[in-house]
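Written out below as structure tokens is the structure these notes cover.
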Amino acid sequence: MWDYITETLRANPALAIFFTLAVGYWIGTRKLGSFSLGAVTGTLLAGVIIGQIGIDISAQVKSIFFIMFLFAVGFGVGPQFVRGIATDGAPQALFAVVICALCLLGVYIAAIVSGYGPGLAAGLIAGSQTISASIGLATDAINTSGLTPEEAKAQLDLIPVAYAVTYLFGTIGTGWILAFLGPKLLGTDIAAACARYEREVLGGAKKDSNFTSAWRAREMRAYRIREGGAAVGKKIAAAEAMAKGERIFVERLRRGGELVQTTPDTMLMAGDVVAVAGRREVLVNLLGQGEEVEDRELLDVPVEAVDVLITAKELDGVELGTLATDPMSRGLYLNSIRRGAMSVNIPLLPGTKLNRGDILRVVGAKAQVQRFVERAGFADRPQTITDMVLVGLAILIGGLIGAYVLPIGGVPITLSTSGGALIAGIFVGWLRTVKPWIGNVPQPTLWFMNSVGLNVFIAVVGISSGPTFVAGLQQAGFGIFFWGLFATGMPMILAPLIGKYLFRFDDAINLGCCGGARTSTASVAMVGEVAKSDVPMLGYTVPYAVGNTLLTLWGLVIVLLLV
């Protein structure tokens, strides 16, 4: 039976890949406490084990899936990458460049001192910085470096060895340094710093204790306006303003038994029955003394919840407190703001500023939602069809540009087709914030391109290097683990200090910037848990976009430095 399975896998490499993915994703989801290896490391280990039987797989398979993955990465980070370079995110973008340079320097020092070749160095940068995508660019660089086929294969076989040995601390160590050592380096109580930031910068609880709940909760009730009531003779807008800072809205009106079309200027009269939307506490406390009536027809207002992609220039940099008073948001309730490639949740506070490319989850009557969409951007409703014409052409054009070879000092310098696909993804991702009807790539498709694209590549790397993995581990020696500690720890220990004293970042967002520059979502989540706040995420998205791009390219750069 075993012979049949092994021979079938050798004869059908596609089956070996799917077997590796199944085992890898399963391993990646297993948890030890709160820690898990993740799908990428699980897939690599599964590939190495399955590859022990000797399976030949065409290199084109991993190239196709890796290019698909890099395009998806670029598409996700595009809006924040461009914003960081071109607008008020520039300090955070520059900070990410500095930290990424330190990450590269740490690996370069390790390689020079220990005499590592490009293979071990590429694996070290991928594992210690947990940037699996750099393996692909390093592979392309080694293949075009002028090494003989035998020398190139020897170096390529060492990449997964160094990656596997250094990845564990790269993940755990970054989170521990930022979440627990970081506040000590900054000399601050991170929870207190975030609470102060919410209060002083974002206009949080003490300034307006009802702001968040007023944006996030929605209930509708029907009330009859009594003779002599305070609302009698007032326009709807004036009556709504009587709530003194609370957001309540008259959605519909019945007069004389008939439903009446209303505007903010409609005058209210005694005997009118109005459908009022707002927070439950407000409706009970403010209007509870009024006569509540049962009127199902009046309350039957079509309501929808929609993700709105913000593309309007006029909303870029606008604070939520300002938006809440704008007529365009009348009748709407905000559930969440998601930002960046990792769709991190941004705090809903008065001083929170919107960015183009943010996705707002708004709830309200269909007509009011549509009014908001027309001014704010694009209704990002669930879709199933991907614009493959644009995706295919973008990858082609990016690949053609990336494949160009520029010889400098006898060394062939090229982004490679993979690097070109990354740049193409960044451009298309940014373009969608300007022209949102272009380049539809649904979230499920992005997940597939991102996760499965990368893991098919990693599976092929693991399977191909399986037979030589043990020998490579013996060649690398235990020292590679300690160099991984250095390459992970050095930039992360310096990063909070650089952010505080050189870039003058507020302590509340400093550690978020550090985690973003190292593309470590898990570490910023750990910081958020310690801080009991989402505020650190405000410093995450721009550095993440820049860091994800540069750290991926470092796979190419480290090879060029050492060949």
Side-chain angles (χ1 to χ4, degrees), residues 5-6 8-10 12-53 55 57-73 75-76 123 126-136 139 159-172 174-175 341-344 384 386 418 441-467 469 519-523 525-526 548 552:
I5 293 175
T6 56
T8 302
L9 291 179
R10 289 191 189 102
N12 300 273
L15 297 181
I17 292 174
F18 283 110
F19 182 31
T20 301
L21 289 176
V23 175
Y25 273 91
W26 182 82
I27 292 175
T29 58
R30 300 303 95 186
K31 287 192 174 182
L32 181 61
S34 61
F35 174 74
S36 63
L37 284 176
V40 175
T41 307
T43 299
L44 177 64
L45 296 177
V48 167
I49 294 171
I50 294 170
Q52 297 299 316
I53 65 177
I55 301 172
I57 303 177
S58 170
Q60 292 301 316
V61 175
K62 65 179 181 180
S63 294
I64 291 170
F65 278 89
F66 187 66
I67 285 175
M68 181 173 69
F69 158 72
L70 280 183
F71 176 83
V73 168
F75 187 90
S128 65
Q129 312 307 320
T130 60
I131 188 73
S132 311
S134 66
I135 294 176
T139 299
I159 293 178
V161 174
Y163 174 83
V165 172
T166 59
Y167 179 86
L168 187 62
F169 186 78
T171 301
I172 299 176
T174 300
M342 304 304 292
S343 294
V344 296
T384 58
T386 299
S418 301
V441 184
Q443 282 300 320
T445 302
L446 273 181
W447 177 89
F448 181 86
M449 296 173 72
N450 231 315
S451 182
V452 179
L454 175 60
N455 281 295
V456 168
F457 170 81
I458 292 296
V460 176
V461 169
I463 292 170
S464 300
S465 64
F469 187 86
T519 66
S520 178
T521 307
S523 69
M526 291 173 66
N548 203 13
T552 299

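It should be emphasised that the depicted structure is a prediction, and the values quoted were computed from it without experimental measurement.
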Using side-chain contact (heavy atoms from CB on, under 4.5 Å), reason through Leu454 and Val73 one step at a time and then give a plain yes or no. CA-CA 10 Å; Leu454 175 60; Val73 168; over 6 Å; no
Pairwise side-chain contact, Ile458 with Ile135, heavy-atom cut-off 4.5 Å (strictly under): yes
Quick one: [atom1] on [X] to [atom2] on [Y], what's the gap to the nearest 0.5 Å?
{"X": "Phe448", "Y": "Asn450", "atom1": "CZ", "atom2": "CG", "result": "11.5 Å"}
{"X": "Asn12", "Y": "Phe18", "atom1": "CG", "atom2": "CZ", "result": "12.0 Å"}
{"X": "Ile53", "Y": "Thr6", "atom1": "CD1", "atom2": "OG1", "result": "5.5 Å"}
{"X": "Phe169", "Y": "Thr130", "atom1": "CZ", "atom2": "OG1", "result": "12.0 Å"}
{"X": "Met526", "Y": "Ile172", "atom1": "CE", "atom2": "CD1", "result": "9.0 Å"}
{"X": "Ile55", "Y": "Leu15", "atom1": "CD1", "atom2": "CG", "result": "9.5 Å"}

Atom OH of Tyr25: over 12 foreign heavy atoms under 6.0 Å: yes
If I compare all heavy atoms of [X] with all of [Y], which pair ends up nearest, and what's the gap?
{"X": "Leu70", "Y": "Ser418", "answer": "CD1-O, 3.2 Å"}
{"X": "Ser523", "Y": "Gly175", "answer": "CB-CA, 3.6 Å"}
{"X": "Ile17", "Y": "Val61", "answer": "CD1-CG1, 4.0 Å"}
{"X": "Leu44", "Y": "Gly462", "answer": "CD1-CA, 3.9 Å"}
{"X": "Phe469", "Y": "Ala164", "answer": "CZ-CB, 4.1 Å"}
{"X": "Gly24", "Y": "Ala46", "answer": "N-CB, 3.9 Å"}

Short side-chain donor-acceptor distance under 3.5 Å, Ser520 and Thr174: no
Would Val452 and Phe69 count as a side-chain contact (heavy atoms from CB on, under 4.5 Å) here? Give the steps. CA-CA 8 Å; Val452 179; Phe69 158 72; over 6 Å; no
For Phe65 and Met68: C-alpha separation, side-chain torsions, deciding distance, then whether side-chain contact (heavy atoms from CB on, under 4.5 Å) applies. CA-CA 5 Å; Phe65 278 89; Met68 181 173 69; 3.4 Å; yes
Among residues at least two apart in sequence or on other chains, which ones pass ring pair (Phe, Tyr, Trp, His ring centres under 6.0 Å) with Tyr163? Tyr167
With sequence neighbours excluded, residues passing ring pair (Phe, Tyr, Trp, His ring centres under 6.0 Å) with Phe75: none
Heavy-atom donor-acceptor pair, Ser464 side chain to Val461 backbone, under 3.5 Å: no
Walk me through it: do Asn548 and Ile131 pass the test side-chain contact (heavy atoms from CB on, under 4.5 Å)? CA-CA 8 Å; Asn548 203 13; Ile131 188 73; 3.4 Å; yes
